[in-house]
Amino acid sequence: MSPGDNIRWVDAPVTTSDVRGEQLSASTTGSGASSRGSRGGKLYRGDPGVWSWVAHRITGVLTFFFLFAHVLDTALVRVSPNAYDKVIALYKNPLVNVMELGLVGAILYHALNGLRVMLVDFWAKGVRYQRLMLWVIIVVWVVVMIPSAYFMLRYNVEKLFGSN
């Protein structure tokens with residue numbers, strides 16, 4: 001008799017509860033035909049909490065790559081001041097201005113969602129209010145991004161259409 005002989009595998013439903021205490025169940029047979037995609041696999045529709053998790057990771061990676069590029073272009077000033085001036089001149093492009101707006105949006109979302117994550121982790125009622133806090137940070141993000149977009153994209157409008 002080998003060590004694994006006394007284990008009996010059962011094809012039974014697995015149940016757990018979500019943060020609100022509602023029962024969730026998943027069958028190991030995959031019999032949920034209504035949730036199957038066109039290719040026969042399970043189709044995950046997502047939850048706002050999961051999408052905030054994904055957006056937090058993406059904005060963190062984007063911020064990291066910006067900081068990496070920023071360190072490299074700033075280091076050019078010691079190697080070749082002329083090359084540094086050329087790189088900075090490239091940054092005065094309207095496309096880069098739009099990318100800067102995206103960077104501000106990514107950093108702002110990452111910071112606000114990071115505060116939400118800390119509250120969920122360290123506040124006793126954080127889990128209960130995590131969905132509400134997500135909607136609050138989205139509203140705050142929109143409220144801050146509207147004037148930011150106006151002031152940041154004003155350069156593009158002046159550059160493309162001339163100033164008054």
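All values reported here derive from a predicted model rather than from experimental measurement.
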| query | Under 3.5 Å, side chain of Trp141 to main-chain N/O of Leu112, donor-acceptor pair present? | reply | no
| query | Is a donor on one side and an acceptor on the other found under 3.5 Å between the side chain of Thr74 and the backbone of Val71? | reply | no
| What do the steps show when you test His110 against Leu62 for side-chain contact (heavy atoms from CB on, under 4.5 Å), and what is the final call? | CA-CA 10 Å; His110 193 78; Leu62 291 174; over 6 Å; no
Shared ILVMFWY cluster between [X] and [Y], side chains joined below 4.5 angstrom?
X: Val157; Y: Leu160; answer: yes
X: Val142; Y: Met145; answer: yes
X: Val140; Y: Leu108; answer: yes

Determine whether [X] and [Y] make a side-chain contact, defined as any pair of heavy atoms from C-beta on separated by less than 4.5 Å.
X: Ile138; Y: Trp135; result: yes
X: Glu100; Y: Asn97; result: yes
X: Val98; Y: Met152; result: no
X: Val117; Y: Trp53; result: no
X: Leu115; Y: Met133; result: no

Roughly how far, to the nearest 0.5 Å, is [atom2] of [Y] from [atom1] of [X]?
X: Thr63; Y: Ile58; atom1: OG1; atom2: CD1; result: 11.5 Å
X: Arg57; Y: Ser52; atom1: CZ; atom2: OG; result: 9.0 Å
X: Met99; Y: Leu95; atom1: CE; atom2: CG; result: 6.0 Å
X: Met118; Y: Phe122; atom1: CE; atom2: CZ; result: 8.0 Å
X: Asn113; Y: Leu134; atom1: CG; atom2: CG; result: 7.0 Å

| request: Kindly give the heavy-atom pair with the smallest separation between Tyr109 and Ala55, and that separation in Å. | output: CE2-CB, 3.6 Å
| request: Just jot down the side chain to side chain contact (heavy atoms under 4.5 Å, CB included) partners of Leu103, sequence neighbours excluded, or say none. | output: Phe66, Ile107
Under 3.5 Å, which donor-acceptor pairs link side chains of residues 75-92 to any protein atom two or more places apart or in another chain?
unit_1, atom_1, unit_2, atom_2, d
Ser80, OG, Ala83, N, 3.2
Tyr91, OH, Asp73, OD2, 2.5

| note | Excluding Phe64, membership of its hydrophobic cluster (Ile, Leu, Val, Met, Phe, Trp, Tyr; side-chain heavy atoms within less than 4.5 Å) reads Val61, Phe65
